[in-house]
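The figures here come from the full heavy-atom set of this structure, side chains too, leaving out hydrogens, waters and symmetry mates. We number each residue from 1, following the sequence as shown. Just so it is clear, the structure is predicted and the values come from calculations on it, not from any experiment.
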Amino acid sequence: MAKKRILPLLLTALLLAACCACGGPSTQDMADQEEVTNRTWKTDAYTLALPGGFAAQKGEGDAVTLTLDGQAVGGVQVVPYPDAAGLLDTLGNASEDSRDRGKELMRQLSPEERLAYMMTVSEDGTCLEISCSPDTPDATPEEEILHYLFPQGDQFYDLYFQPSQVPQDQQILLVEGFALNP
């Protein structure tokens with residue numbers, strides 16, 4: 001009699017285990033062709049370590065949208081730009097050509113006509129750091145967007161986010177956790 005009860009219980013347990021294993025999309029399914037392992041978003045072009053609370057959702061090409069606790073706060077986009085690495089080299093000389101190239105890049109990042117921005121090359125020389133916000137009297141700190149542009153050939157990989165939505169310690173982790181793949 002006990003054997004008759006164990007068999008249905010065993011079958012039910014196996015069925016539940018199978019349902020749990022197949023119940024939701026796996027991290028790999030959500031990443032589509034990219035790979036997410038140990039809180040890391042990996043594409044053929046770059047790898048991004050995701051701090052706690054962050055999730056990544058695939059966009060077109062190598063683009064990704066970053067969410068923090070379910071709210072969109074930034075992402076990664078590809079910005080075509082001829083000789084991207086060359087721009088980093090010329091920004092320090094403060095020539096008219098480098099200023100014009102900087103303005104051209106800003107028009108690609110944000111086509112708004114009135115935009116205040118500050119552009120610097122990172123201390124280690126690996127990326128271009130840009131802080132931008134609307135250049136209007138009523139602009140608020142919440143409208144600021146930070147861009148970290150990593151050059152590769154004729155394009156930049158732009159890691160961007162709203163600093164008002166991302167705690168300072170996680171901002172640092174995002175930037176330090178981004179790397180172009182060789």
Within-4.5 Å side-chain heavy-atom neighbours: Phe161 and Val175
yes
How would you list, by chain and number, every residue that makes a ring pair (Phe, Tyr, Trp, His ring centres under 6.0 Å) with Phe178, sequence neighbours excluded?
Tyr46, Phe150
At their closest point, which heavy atom of Glu104 faces which heavy atom of Tyr81, and how far apart are they?
OE2-CE1, 3.8 Å
So do the side chains of Leu87 and Leu128 get within less than 4.5 Å of each other, counting heavy atoms only?
yes
Any non-hydrogen side-chain atom of Leu174 less than 4.5 Å from a side-chain atom of Leu48?
yes
Would a distance-only check, ignoring hydrogens and angles, find a side-chain to backbone donor-acceptor pair under 3.5 Å from Lys58 to Gly61?
yes
Tell me which pairs pass side chain to side chain donor-acceptor pair (under 3.5 Å) where either residue lies in residues 168-182, with sequence neighbours left out.
Thr47-Asn181
Spell out, as yes or no, whether a donor-acceptor pair under 3.5 Å connects the side chain of Gln108 to the backbone of Pro80.
yes
What distance do Met119 atom CE and Leu88 atom CG have between them, rounded to the nearest 0.5 Å?
10.0 Å
Mind checking whether Asp69 and Gln71 have side chains closer than 4.5 Å, heavy atoms only?
no
Heavy atoms only: give me the nearest Ala56-Trp41 pair and the separation to one decimal.
CB-CE3, 3.3 Å
Check whether any side-chain heavy atom of Met118 sits under 4.5 Å from a side-chain heavy atom of Glu129, and report yes or no.
no
Leu146 vs Tyr160 side-chain heavy atoms within contact, under 4.5 Å:
no
Below 4.5 Å, heavy atoms only, C-beta onward: do His147 and Val79 meet side chain to side chain?
no
Applying side-chain contact (heavy atoms from CB on, under 4.5 Å) to Gln77 and Leu109, what does each step give before you reach the verdict?
CA-CA 10 Å; Gln77 64 183 344; Leu109 291 176; 4.0 Å; yes
Over all atoms of both residues, closest heavy-atom pair of Ala45 and Asp62
CB-OD2, 3.4 Å
For a quick test of reading the model, state the closest non-hydrogen atom pair linking Ala85 to Pro151 and the distance between them.
N-CB, 3.5 Å
Modelled atom types, side-chain donor and acceptor of Glu144 and Ser131, under 3.5 Å:
yes
Whether Arg39 side chain and Pro51 backbone form a donor-acceptor pair below 3.5 Å
yes
Do Phe54 and Val166 have side chains that approach each other closer than 4.5 Å (heavy atoms only, starting at C-beta)?
yes
Report the residues that fulfil side chain to side chain contact (heavy atoms under 4.5 Å, CB included) with Asp124, sequence neighbours left out, ordered by chain and then residue number.
Ser122, Thr126
Spell out, yes or no, whether Val78 and Val76 are grouped together once hydrophobic residues are joined by side-chain heavy atoms under 4.5 Å, including indirect joins.
yes
Taking all atoms of both residues into account, what is the closest heavy-atom pair of Tyr148 and Cys127, and its distance?
CD2-SG, 4.1 Å
Once you round to the nearest 0.5 Å, how far does CG of Leu105 lie from CG of Asp100?
12.5 Å
State plainly whether one hydrophobic cluster holds both Leu50 and Leu173, where clusters connect Ile, Leu, Val, Met, Phe, Trp and Tyr through side-chain heavy atoms under 4.5 angstrom apart.
no
Test side-chain contact (heavy atoms from CB on, under 4.5 Å) on Cys132 and Met106 and set out the steps.
CA-CA 9 Å; Cys132 62; Met106 287 308 303; 3.9 Å; yes
Same hydrophobic cluster for Leu180 and Val64, using side-chain heavy-atom links shorter than 4.5 Å among ILVMFWY?
yes
Taking all heavy atoms of Gln152 and all of Tyr157, pick out the closest pair and write down the distance.
OE1-CE1, 3.2 Å
